[in-house]
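Structure first, commentary second.
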Amino acid sequence: MKKISFNNFFKFFLLIGFLFFSSFSFSETLIKSHGISSFGNLKYSKDFTHLDYVNPKAPKDGEISTWAFGTFDSLNRYIVKGNAAGSGNIFIETLMTETADEPDSMYGLLAESIEYPQDRSFVIFNLRPEAQFSDGSKVTASDVVFSHYILLEKGIPSLKQLFADIEKVEELSPTRVKFSFKQPSDNNELLMLAASSSVFSKKFFSSRDFAESSLEPMLGSGPYTLDEIEVGKRLVYKLNDNYWGKHLAINKGRNNFKKIRYEYYADTTAAFEGFKAGEYTFRSENSSQKWAQDYNFPAIEKNIIKKETLPDGNLGSAQAFFFNIRLDKFKDPKIREAIGLMFNFEWSNKTLFFGLYDRVTSFWENSKMQASGKISEKELAILSPLKNYLPKSVFNDTVFNPPISKPDKVDRKNRRKATKLFKDAGWNFVDGKLKNKNGDKFSLEILNYSPAFDRIINPFIENLKLLGIDAKHTRIDGTQYTERVRNFEWEIITSTYGNSLTPGLELIQQYSSKTADVPSRNLVGLKNEGIDKLIELAARAKTRDDLNVIIRSLDRSLRSLHIWVPQWYKNVHTIAYRNQYAYPNNLPPFELGAFDFWWFDAKKAAILENK
């Protein structure tokens with residue numbers, strides 16, 4: 001046997017010691033937590049028993065139902081193909097989840113904890129050993145890895161941009177998965193992006209093509225499974241009695257209904273008549289006319305249906321007529337501004353809406369992220385380096401707000417201003433029509449699928465015709481509408497930008513040049529380098545105050561580009577429901593939660609049986 005020298009033995013001992021203590025030091029440098037916040041602070045401690053706004057003793061009973069518009073031919077919302085059911089992601093859970101009372105944070109769901117180094121160059125999620133799909137199979141790190149890469153390969157195209165900073169995802173063990181990032185970061189944005197990862201079953205898709213639309217429900221780990229489906233007309237989900245996560249603190253007092261049902265209707269009028277007839281039990285009312293005039297049917301008078309207004313502390317909906325600025329006719333912001341001047345909100349609110357609405361002015365309405373007044377010094381410091389990409393009005397004038405119109409159908413002052421803007425853009429009023437130097441007429445089409453919007457769009461069309469525009473309103477069915485919007489075959493539509501209370505990387509999908517020409521939430525096709533740089537700044541914000549200033553700068557910039565004609569919002573929930581439900585007294589500010597933490601009240605339901 002060869003004798004080992006003391007010197008070699010000593011070197012070997014030092015090497016082993018170095019590896020041991022390096023490993024020990026490495027593990028010690030990792031931050032480990034039950035939750036993650038954009039700015040470091042968590043409301044709920046590791047040992048919290050339930051969320052503050054739920055009833056942890058709520059019964060698991062009864063059914064709640066609502067309506068959905070149009071039809072569906074797919075249960076996969078993660079791909080481009082098919083017309084997906086709005087509730088099609090009910091089966092799927094994420095590694096961590098948000099709450100309705102804390103907009104900046106996430107807490108463990110499939111993952112019980114999160115680990116990351118100070119430089120945030122990677123993050124590790126520790127999966128709960130008890131987590132399982134509805135067929136009883138375990139949720140593993142392999143499923144998480146599969147889910148990330150299948151979305152990159154076959155998911156909605158804009159996800160490639162959203163995941164662009166994730167270098168790789170790898171399985172460390174069956175219950176540990178690691179997301180490595182291309183660059184270290186000084187904030188938690190990428191950690192939260194990884195935490196929001198949806199998790200699919202790798203085994204389930206081993207014999208199915210993820211990219212193909214299907215009415216077969218995906219195997220998921222969520223609390224509900226499919227109970228009944230009538231293609232294009234009805235979906236019923238049932239609570240899984242064996243749901244693995246029902247005892248988690250994050251889920252206590254939630255998922256309280258035995259069944260959740262969606263009834264599909266071809267138009268809004270039929271949907272309202274269905275509610276009156278008792279075909280579904282919960283309705284959030286978006287029509288001011290119906291709310292003011294039509295909730296006087298017998299079920300209301302007998303208190304079978306309860307009509308209620310509840311406070312809404314969430315962002316005001318960024319609802320508007322949006323321009324498809326991919327089209328040459330809408331390239332000039334002057335033209336977009338001129339068209340917007342012809343929508344008379346004040347007349348509409350008085351004549352059509354019974355004065356129930358306020359005008360949307362901001363993409364972050366009803367929040368501290370809403371820009372107002374003249375540019376502040378902090379905003380100026382952010383925006384000055386971007387002056388070559390943004391309109392001068394961002395710096396010279398007060399933030400753009402739609403001008404207040406007289407409550408006459410046509411505001412003459414706004415009409416004169418709109419005519420001048422068109423003239424400055426090379427269009428003149430000739431023989432009753434707007435024409436350019438080549439004699440071409442200016443035309444536009446507002447695309448719509450809802451009969452309820454006819455009374456809003458048609459007066460707008462009439463005003464545009466007075467300006468000399470060859471304007472028309474085209475109403476088509478929901479399926480055609482979805483296809484035309486998806487293929488960019490539209491000029492102006494009504495939609496809503498679903499902005500977040502804590503904007504970050506999701507801004508890429510909505511406003512970035514990277515997502516302008518693929519199906520994404522960047523509806524209008526916005527490409528602006530200044531906006532892109534503001535998105536990058538938002539993703540790197542270190543404090544809530546910093547983020548608020550950056551988003552106010554972004555809001556100010558977006559409004560100056562006139563990509564929309566803002567419509568209206570209200571800061572309350574207007575709802576009606578069969579009087580057999582109950583909800584907590586301390587409703588959270590950011591979510592109504594009817595399908596989340598309300599519950600079925602058997603005593604109330606029994607009273608209704610005798611009416």
Side-chain angles (χ1 to χ4, degrees), residues 31-58 60 87 89-90 92-114 116 123 125-128 131 187-199 221-224 239 243-257 260 310-315 364 366-369 498-506 541 543-544 547-548 573 582-599:
I31 301 166
K32 185 174 182 179
S33 177
H34 65 293
I36 184 73
S37 170
S38 296
F39 308 112
N41 299 316
L42 291 171
K43 175 180 178 180
Y44 294 100
S45 64
K46 183 178 180 180
D47 58 353
F48 79 100
T49 57
H50 60 81
L51 300 170
D52 289 348
Y53 54 85
V54 304
N55 172 12
K57 297 181 180 179
K60 307 291 185 185
S87 55
N89 60 344
I90 194 171
I92 306 302
E93 291 186 307
T94 51
L95 293 172
M96 308 185 84
T97 188
E98 298 173 334
T99 68
D101 60 346
E102 194 182 6
D104 300 333
S105 301
M106 301 180 77
Y107 294 87
L109 183 57
L110 287 171
E112 62 183 355
S113 64
I114 181 174
Y116 56 94
V123 61
F125 295 96
N126 297 300
L127 302 182
R128 298 184 192 271
N187 66 24
N188 291 340
E189 186 67 24
L190 287 173
L191 307 186
M192 296 188 75
L193 173 65
S196 65
S197 296
S198 297
V199 180
S221 61
Y224 288 91
L239 186 65
Y243 170 50
W244 73 272
K246 60 186 176 182
H247 301 301
L248 297 180
I250 195 73
N251 287 330
K252 285 288 181 69
R254 304 174 67 188
N255 309 312
N256 298 324
F257 294 104
I260 297 176
L310 295 172
D312 182 2
N314 213 330
L315 289 175
W364 282 270
N366 196 35
S367 78
K368 293 181 179 179
M369 296 176 285
N499 289 311
S500 164
L501 285 162
T502 308
L505 289 172
E506 78 276 3
T543 68
R544 167 50 78 170
L547 180 63
N548 287 347
H573 298 285
Y583 56 80
N585 293 327
N586 54 328
L587 284 172
F590 307 126
E591 188 178 332
L592 180 61
F595 289 69
D596 184 353
F597 46 82
W598 288 34
W599 65 91

> What heavy-atom pair brings Leu587 and Leu592 nearest, and what distance separates the two atoms?
Replying inline: CD2-O, 3.9 Å
>> Quick check: closest heavy atoms across Leu239 and Tyr224, and the distance to 0.1 Å?
In response: N-CD2, 3.4 Å
> Going by heavy atoms in the side chains, are Asn188 and Ser38 under 4.5 Å from each other?
Replying inline: no
>> Side chains of Val54 and Arg254, heavy atoms from C-beta outward: is any pair under 4.5 Å?
In response: yes
> Rounded to the nearest 0.5 Å, how far does CD of Glu98 lie from CG of Asp104?
Replying inline: 9.5 Å
>> If I compare all heavy atoms of Ala249 with all of Phe48, which pair ends up nearest, and what's the gap?
In response: CB-O, 3.2 Å
> For the atom pair CG (Leu95) and CG (Leu109), what is the distance rounded to the nearest 0.5 Å?
Replying inline: 8.5 Å
> Does Trp244 reach the main-chain N or O of Ser221 with its side chain, forming a donor-acceptor pair under 3.5 Å?
Replying inline: yes
Which atom pairs, one a donor and one an acceptor, fall under 3.5 Å between side chains of residues 190-198 and the rest of the protein, sequence neighbours left out?
{"from": "Ser196", "atom 1": "OG", "to": "Met192", "atom 2": "O", "distance (Å)": "3.4"}
{"from": "Ser196", "atom 1": "OG", "to": "Leu193", "atom 2": "O", "distance (Å)": "2.7"}
{"from": "Ser197", "atom 1": "OG", "to": "Ala194", "atom 2": "O", "distance (Å)": "2.7"}

> Should the heavy atoms of other residues, nucleotides or ligands under 6.0 Å from CG of Asn585 be counted, would the total exceed 12?
Replying inline: no
>> For Asn314, is there any backbone N or O sitting under 3.5 Å from a side-chain donor or acceptor partner on Asn366?
In response: yes
> Sequence neighbours excluded, which residues qualify as side chain to side chain contact (heavy atoms under 4.5 Å, CB included) partners of Asn256?
Replying inline: Ala58, Lys60, Trp599
>> How close do Gly35 and Met96 get, counting heavy atoms only, and between which atoms?
In response: CA-CE, 3.6 Å
> Would you find a donor on one side and an acceptor on the other, under 3.5 Å apart, between the side chain of Asn55 and the backbone of Pro584?
Replying inline: no
> Can you check whether Tyr53 reaches Thr99 side chain to side chain, under 4.5 Å on heavy atoms?
Replying inline: yes
>> Treating Glu189 as the side-chain partner and Leu505 as the backbone partner, does any N or O pair qualify as donor plus acceptor under 3.5 Å?
In response: yes
>> Donor-acceptor check, side chain of Asn251 to backbone of Gly245, threshold 3.5 angstrom: yes or no?
In response: yes
> So how far is it from Lys246 NZ to Lys252 NZ, rounded to the nearest 0.5 Å?
Replying inline: 11.5 Å
> Between Ser500 and Trp364, which heavy-atom pair has the shortest distance, and what is it?
Replying inline: O-NE1, 3.4 Å
>> With side chain to side chain donor-acceptor pair (under 3.5 Å) as the criterion, how do Tyr44 and Glu102 come out once you've worked through the C-alpha distance, each side chain's angles and the decisive distance to 0.1 Å?
In response: CA-CA 10 Å; Tyr44 294 100; Glu102 194 182 6; over 6 Å; no
>> Give me each pair satisfying salt bridge (charged side-chain N to carboxylate O under 4.0 Å, His left out) with a member in residues 39-55, each pair once, sequence neighbours excluded.
In response: Lys43-Asp52, Lys43-Asp101
> Going from CD1 on Ile90 to CG on Asn255, what distance comes out if it is rounded to the nearest 0.5 angstrom?
Replying inline: 8.5 Å
> Rounded to the nearest 0.5 Å, what separation is found between the CD atom of Glu112 and the NZ atom of Lys32?
Replying inline: 7.0 Å
>> As a quick check of understanding, evaluate side chain to side chain donor-acceptor pair (under 3.5 Å) for Thr502 and Arg544, giving each step before the final call.
In response: CA-CA 8 Å; Thr502 308; Arg544 167 50 78 170; 2.9 Å; yes
> Taking the side chain as C-beta and beyond, is there a heavy-atom pair between Asn548 and Thr543 under 4.5 Å?
Replying inline: no
> Looking at CD1 of Ile36 and CD1 of Ile114, how far apart are the two atoms once the value is rounded to the nearest 0.5 Å?
Replying inline: 4.5 Å
> Got Ile250 and Leu51 here, is their nearest side-chain heavy-atom distance under 4.5 Å?
Replying inline: yes
> What closest approach, in Å, do Leu42 and Met106 show between heavy atoms, and which atom pair accounts for it?
Replying inline: CD2-O, 4.3 Å
